[in-house]
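Below: one structure, written as structure tokens.
The sequence lines fix the lettering, A, B, ..., with proteins before strands; numbering per chain opens at 1.
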Amino acid sequence: MYTTREASAIVRAGGIVLASILLFAGLSTVVLLFHAEGGAGGALFDAYLFGVARFTLLQASLSTVLSVALAIPVARALARRRHFPGRNWIVRLSALPLGLPALVATLGIIEVWGRRGIVNQALATLGLDNPVSVYGLAGILIAHVFFNLPLAARLLMAGLERIPPEYWLTSANLGMGSGAAFRLIEWPVMRGLLPGIAGLVFMLCATSFTIVLTLGGGPAATTIEVAIYQALRFDFDPPRAVILSVLQIALTGTLLYFMRLLGTPAEEAPTAGRAIRRFDGKRGRLSDGLVILAFTLFTAAPLLAVVAAGFASDLPRLAFDPLLHRALATSLAIALASATLCLAVAMPAIAIAPLAAADRAPAPLRYLAGTLQATSSLILLVPPVVVATGWFLMLRTFGEVGRFAPYVVVVINALMALPFVIRVLEPAYRTHIARTGRLAVSLGVTGLHRLRWIDLPALKRPLLTAFAFAMALSLGDLGAVAIFGADGVVTLPWLLFSRMGSYRTADAAGIALLLGILCLLLTLPSTASGKNARDDA
Amino acid sequence: MRKTLLSALALLSAASMTVSMALPAQAADKTLTIYTYESFVTEWGPGAKVAAAFEKTCDCKVEWVGVADGVELLTRLKLEGEGTKADIVLGLDTNLIAEAKATGLFVPHQLAPQGLTVPGGFSDDTFLPYDYGHFAVVYDTEALKNPPRSLKELVEGDPDDKIVIEDPRTSTPGLGLLLWVKSVYGDKAGEAWAKLKDRVLTVTPGWSEAYGLFTKGEAPMVLSYTTSPAYHMVAENTERYQAAAFSEGHYVQIEVAGMTKTADNPELAKAFLTFMTGPGFQPIIPETNWMMPVAATDAPLPAAFDKLVKPEHTFLYAADEVAANRRAWIDEWLSAMSAK
């Protein structure tokens, strides 16, 4: 797989990455733990917190099961129907919800599912006067599925497209039906991916804040993340915020640990690199079509609502708004930097996995790889508000804090995108190294040459996808900027909230449209229809 | 691998340089740094006009630092402690005063401004008011023909006419409504909430979310301010959204400013506080901050403000009473609102 020199470089890089992540997140929490002043005290674990923890896990579990279960037929249908008009655009939609601030997406969802939304109006014309209520658990689930179904479907589809095309040839020769193909070819691949995807979705839903409060209907719907926010802001009790964060990580982490046990990666198989051709395309046309149509309607309708609201705003005036230009430049700079940093951090974490999985891997190496994987996953559970506050406290000793804000925001965004990027890259890399690893070493193409001539060309598409995801996440994130305040750092989400907070709803809609267009543009390079079908992985 | 990392770092620092270059340059000799909430310093906010007016009188430069909102302002101060750059902190409300004083970062203003007309008779040795607004239920006249005329009618009205409220754990208006209900219902507040619960469509984390839902037509009522209709009348030329006058009275939010003990130039800070309660500052407030001025202005208020609800009675808890009871009252709210 690797030469000795490559292996030691990867291990070194992995060690550095792990130490940096732990240091970055750890330092800030330690600082907060010792910043015990003005805390209102009170019992830490009471019945209220117990209820909050229970609801957090309940809604996250349901959201995850729904998102992932629905993603399976969608991914299957999309992988099987490789050529139909608009397919690329449907795939591109998948990164879009990530790049929208939760509030924007929530308002889009309400245009569709709300009391005055399209669905209820349609039902009303049918004579049903009992509208579908989006406020409560149902609304939370709809919103979470809206955010995560496209993500899960995209990741599963990428896995299906990595299946050696020879399999489809053989399955056609054997006369396999759709059921057999699912059982013998598709399901083993998906089963290997599901724990990782489900884990990611679960973490995203467990830390949901705006969606849960806004659509939850009342304080019975509260996540631990809300309690953390409350502890850090209204109560200003940093140690409590840290302890709640630890509780969040412990609870979710335990669940994720058991989830990981459920699946094992599918075995890798060689391929001659022929074009993917699905011989089973004649069957199931109707059902695939219906699945894809339903998926597209569900995902696109709220987005269209956002777009429509955006076009209703005073776009010409916005286009010449100097503050918007500044926010756009800042957001793009931060997103570019954080996506680059994220990929740089993710690479060692991914490259180390095949080393640790080798039969005679030493225990410390396995331990390093395991910790690295767990850390880069669980980092999503560390509330950005906690990390940002910790760094604020540390950095104030070095002068004006505002100056450091962009750096901290870049690093926090990069870390938050890490679990996404790893989900995109890791399976692709595993397949890639299984197919080319030994050959490259035996041909003596190693080190940077290998990276340049073998790894990068083959991994171009997943790398671009990962980069797009990371940038979209960073573009839509308000998080850390809010802590550091607007001392010159004005990002698009910040501007959006600022307009919204001063009655300028139309301007906010225009900015949301801009964010949506940016995220869509980001996905273009990774979904461009190349001539070479191998690129489709 | 190393190459990627290096180029990433180069890009990273280049990007952040561009961002930090965009920071405003440090100003000349005498600078007054004012921390405030962000909407005060947006392009429509009062910030720029206030700075220009004050700079004419002081031969100094005003530097604004805007953070998300009033609560964040206090958090920011607690984080910065005595290292804070702030000379003036403008934008706390009366509910935050007790906690702000407890930080020990503020000093008494030693001023006695005349002619302040603040409802509820607020006066404090450390903080001076600069504007106020009454909380109110704002309703959509096209969706609701018979708005509630009292808090009691709101609580006991038709559960099918919904209201969107804010969460007292995360937002100032949310806390305002909590205190309003407590002022009117006292020990029976829990029961009132249990009843009102059926009318509450949802509880949002902040004002923006609630108002967004309201203007999207999801609910005919929202908890906002008596001044909200003025924005729609002035900027959008519509009288569609109106505030409901409640017969019991309305709870007030008074926004205040104070000077820090680390102020570089205490005289300058005092000069600003005096200016703040005077004719150079007060007339700017109504149409930029959409709140009521605390002193009589030379020119009459904009016409839209004449049409606003003027509460006959004002509720206001003393700052230390809020500080002492906030947690217990929020718990009461939580258990009433979470009950099945």
Side-chain angles (χ1 to χ4, degrees), chain A residues 9 13 37-38 40 42 48 51 103 107 110-111 114-116 135 209-210 213-220 226 229-230 232-234 236 323 326 330 333-334 336-337 340-341 343-344 347-348 389 392-393 396 402-403 406-407 410 448 451 482 485-489 497-498 500-503 505, chain B residues 1 3-5 7-8 11-12 15-16 18-20 22-24 38-39 41-45 65-68 71-72 74-76 78-80 83 85 99 102-103 167 169-170 197 200-205 207-209 211-213 215-219 231 235 290 327 331 333-334 337-338:
Chain A
E37 59 172 73
Y48 166 65
L103 172 56
L107 290 179
I110 278 165
E111 295 268 15
R115 274 155 55 93
R116 300 278 172 277
Y135 302 96
F209 181 109
T210 303
L213 276 191
T214 307
L215 295 178
V226 176
Y229 181 82
Q230 186 193 358
L232 215 45
R233 299 221 337 150
F234 259 49
F236 198 70
L323 198 58
R326 219 177 103 201
T330 309
I334 287 180
L336 258 176
T340 312
L341 178 66
L343 283 188
M347 283 311 272
T389 309
F392 187 100
L393 279 173
R396 71 179 168 153
R403 259 190 310 141
Y407 300 91
V410 163
L448 288 179
L451 195 66
D487 308 17
V489 189
F497 274 88
S498 147
M500 196 135 190
S502 43
Y503 294 101
T505 330
Chain B
M1 193 73 58
K3 208 168 144 195
T4 341
L5 223 128
S7 55
L11 222 151
L12 177 73
S16 348
T18 340
V19 175
S20 48
L23 286 171
E38 197 263 342
S39 68
V41 285
T42 55
E43 57 255 62
W44 311 281
V65 174
V67 300
V71 181
E72 196 67 54
L74 185 57
T75 307
R76 175 82 176 227
K78 285 177 177 169
L79 287 175
E80 289 185 344
K85 278 196 308 169
E99 274 184 71
T103 62
D167 197 317
R169 294 170 297 171
T170 50
K197 181 170 91 83
V200 172
L201 179 68
T202 194
V203 183
T204 64
W207 179 88
S208 297
E209 291 87 354
Y211 216 76
L213 289 181
T215 49
K216 280 221 183 293
E218 282 295 288
Y231 173 80
W290 303 103
R327 197 170 263 252
D331 284 346
W333 177 84
L334 275 174
M337 291 291 288
S338 307

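- Heavy atoms closer than 4.5 Å to chain B are found in the side chain of A/Leu103, but not in its backbone.
- Between B/Glu80 and A/Phe392, some side-chain heavy-atom pair lies under the 4.5 Å cut-off.
- In this structure, the side chains of A/Tyr135 and B/Glu218 come closer than 4.5 Å at one or more pairs of heavy atoms.
- Of the charged side-chain nitrogens involved, at least one lies within less than 4.0 Å of a carboxylate oxygen, so that B/Glu99 and B/Lys78 count as a salt-bridged pair.
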Evaluate the side-chain contact (heavy atoms from CB on, under 4.5 Å) criterion for residues B/Leu334 and A/Tyr48: first the C-alpha distance (whole Å), next the side-chain angles of each, then the deciding distance (0.1 Å), finally the verdict. CA-CA 9 Å; B/Leu334 275 174; A/Tyr48 166 65; 3.5 Å; yes
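- Counting heavy-atom pairs closer than 4.5 Å to chain A, the top residue among B/Trp207, B/Trp290, B/Trp44 is B/Trp44.
- Highest contact tally toward chain B, considering only A/Ser498, A/Gly51, A/Ser502, is held by A/Ser498 [criterion: heavy-atom pairs under 4.5 Å].
- Here the shortest heavy-atom pairing between B/Lys85 and B/Val65 reads NZ-CG2, 4.1 Å.
- Interface residue A/Leu323: only side-chain heavy atoms are found under 4.5 Å from chain B.
- Using a 4.5 Å cut-off between heavy atoms, B/Thr170 touches chain A through backbone and side chain atoms alike.
- For A/Ile110, the parts lying under 4.5 angstrom from a heavy atom of chain B are both the backbone and the side chain.
- Heavy atoms closer than 4.5 Å to chain B are found in the side chain of A/Tyr229, but not in its backbone.
- Between the CZ atom in A/Arg115 and the CG atom in B/Leu213 there is a gap of 11.0 Å [rounded to 0.5 Å].
- For A/Arg116, the parts sitting under 4.5 Å from any heavy atom of chain B are the backbone and the side chain alike.
- When each of B/Thr75, B/Thr204, B/Val41, B/Thr42 is scored by its heavy-atom pairs under 4.5 Å with chain A, the top score falls to B/Thr75.
- Considering only heavy atoms from C-beta on, B/Glu209 stays 4.5 Å or farther from A/Leu213 through its side chain.
- Ranking B/Ala219, B/Pro205, B/Ser39 against chain A, the residue ahead of the rest is B/Pro205, based on heavy-atom pairs under 4.5 Å.
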